[in-house]
There are 2 protein chains.
Amino acid sequence: MGQTIKTAAVQPPPRERILAAARDLFYRHGIRAVGVDAIAEAAATNKMTLYRHFGSKDELISAYLQELAKEGDDLWQRLRDTYPDDPHAQIEAWVQHVEQVLTDCSERGCAMANAAVEMREIDHPARQIIDDYKTRKRDQLVRLFSEAGYGEPEQVADEVFLLFEGARISIQCCSKGPALRVVRMLRSLLADHAPKVEVEALAAKNAVSEREAGTKSSAKSKET
Amino acid sequence: MGQTIKTAAVQPPPRERILAAARDLFYRHGIRAVGVDAIAEAAATNKMTLYRHFGSKDELISAYLQELAKEGDDLWQRLRDTYPDDPHAQIEAWVQHVEQVLTDCSERGCAMANAAVEMREIDHPARQIIDDYKTRKRDQLVRLFSEAGYGEPEQVADEVFLLFEGARISIQCCSKGPALRVVRMLRSLLADHAPKVEVEALAAKNAVSEREAGTKSSAKSKET
DNA sequence: CCACGACGTTACTGGTCAGTAACATAGTGT
DNA sequence: ACACTATGTTACTGACCAGTAACGTCGTGG
């Protein structure tokens, strides 16, 4: 029995491997800096198979960004589902996610934003994906703050959004000081805008949710 | 008289033309996306002359970034000199500069940050220039807010810095909403931290400095 | 007038890259 | 055994790109 032993039996299908390799290389070295040969090799396959699954490098880039967008959306949804009907806990969990992202030593900024910088052609399909994703993220923050009863949820969301974006870009090109202090900023900013009645209740709750959410966030997401 | 008429007599020397062309093309299309041939052609010269002035593309990139850094520093200094011993007016002028940068329709983010995204190799000479510049900018903000008597100038500077960075990156990949509202954010943030005694005095002064500084900022800087 | 230096022109090298063609191989279902 | 499909392999094209060599031109300063 077993004359047809699958070499590395549990290896995922080529398409997945290619996408995973592209994701890693694109994020680490940049989209333009990575050739399709390198991706195929990293995926333990070859260029032909790559081109059978993705018609062109641009298509692969789009698939890469769409995967990132989906994971970012899923992560957000999971965050929401973990604390149903408790927007304050959701906010706190998100802040902790932000902290985790920014203190990850492999952090090289937001893959989406970096892609937007690299793909400057305004008609590149990638841009639409990025634009949609970022707009969605901002709107999700607005909604969350609105549900939490914050005054001026749009303003708070814009500010939080820009602070996070700023942190992720500046962690790539500065001495990282400001970026690493962004969590403290977020906390005090949110405290300032939280509905007054809940302040002390929220403070009490943080001690709890801090442990709960801290352990289960193991997904290595690179998104907002 | 005048048998040797200089064709296009007032044309600047090749080195300047090359740097100007590089600056334009690098900023508009990205550093990696622009070849030296294209730069030479845009500078109305040729590749050989380019390589006589800049030993390599990397050297040209460094010169490009250093020029940007110098202009950014000069602009900051001019801002300071325009309102000597009046840090509040300097702050207001800087905010107006920010507004002008962000509403410029040719804005494609901070050239420095974009370069950092494109040049991922940690040992690339460009990275040091960018890092130094950004750190300097942040420190200049700290100093300015400190001179203006703000409480916690470091915190305010970090927040302002990250908001601006966030605005400049997000203007490239989002529906630009949040970025365009950053000036309002800055104003209210600064108002919150300004020394209490000066608030109404500052408000009165804004009406004046708004006209003064608004007209003379014609330099097309792309820097923080 | 001459020599020198700055600049221009052409053509080339070697390398990389996206994308394709042609053929070989292996698993799978019938 | 057969056919079909997914995958692997090799080799290629054409384009682009960074960088160089060799030579030609022109203006300036002595």
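Chain naming here is simple, since letters A, B, ... match the order of the sequence lines and numbering starts at 1 in each. Side-chain atoms are counted along with the backbone in the values below, which use heavy atoms only and exclude waters and symmetry mates.
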- Looking only at side-chain N and O atoms, does A:Thr49 come under 4.0 Å of OP1 or OP2 in D:dA6? no
- Under 4.0 Å between a side-chain N or O of A:His53 and OP1 or OP2 of D:dT7? yes
- Would you call A:Lys70 and A:Asp74 a salt bridge, using N to O less than 4.0 angstrom? yes
Integer-rounded Å distance: [N] [atom2] and [X] [atom1]:
| X | N | atom1 | atom2 | result |
| --- | --- | --- | --- | --- |
| A:Met48 | D:dC12 | CE | C1' | 13 Å |
| B:Ile18 | C:dC7 | CD1 | P | 8 Å |
| A:Ile61 | C:dC17 | CD1 | C1' | 13 Å |
| A:Ile39 | C:dC17 | CD1 | P | 11 Å |

- Message: Assess the residue pair B:Arg80 and B:Glu147 against the criterion (salt bridge (charged side-chain N to carboxylate O under 4.0 Å, His left out)); give the C-alpha distance rounded to whole Å, side-chain angles, the decisive distance to 0.1 Å, and a yes or no.
- Response: CA-CA 12 Å; B:Arg80 301 268 275 171; B:Glu147 286 176 15; 3.1 Å; yes
- Query: Which is it for A:Gln90 and A:Leu79 under the side chain to side chain contact (heavy atoms under 4.5 Å, CB included) test, yes or no, and what are the steps along the way?
  - Reply: CA-CA 6 Å; A:Gln90 292 167 17; A:Leu79 227 73; 5.9 Å; no
- Roughly how bent is the helix from C:dC1-D:dG30 to C:dT30-D:dA1 end to end, in steps of 10 degrees, with each end axis from five pairs? 0°
Measure all distances between protein nitrogen or oxygen atoms and nitrogen or oxygen atoms of nucleotides 17-19 of chain D, and list the pairs falling under 3.5 Å.
| from | atom 1 | to | atom 2 | distance (Å) |
| --- | --- | --- | --- | --- |
| D:dA18 | OP1 | B:Lys57 | NZ | 2.9 |
| D:dA18 | OP2 | B:Val36 | N | 2.9 |
| D:dG19 | OP2 | B:Tyr51 | OH | 2.9 |
| D:dG19 | OP2 | B:Lys57 | N | 2.8 |
| D:dG19 | N7 | B:Lys47 | NZ | 3.1 |
| D:dG19 | O6 | B:Lys47 | NZ | 2.4 |

- Message: Just to be sure I understand the rule, does A:Pro13 reach a base, reach only the sugar-phosphate, or reach nothing, if contact means heavy atoms closer than 4.0 Å?
- Response: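 No contact at all - A:Pro13 keeps every heavy atom at 4.0 Å or more from the nucleic acid.
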- Hey, does the side-chain of B:Arg52 have a donor or acceptor N/O within less than 3.5 Å of a partner on the base of C:dG8? yes
- Do B:Ser170 and A:Lys134 have side-chain heavy atoms sitting under 4.5 Å apart? no
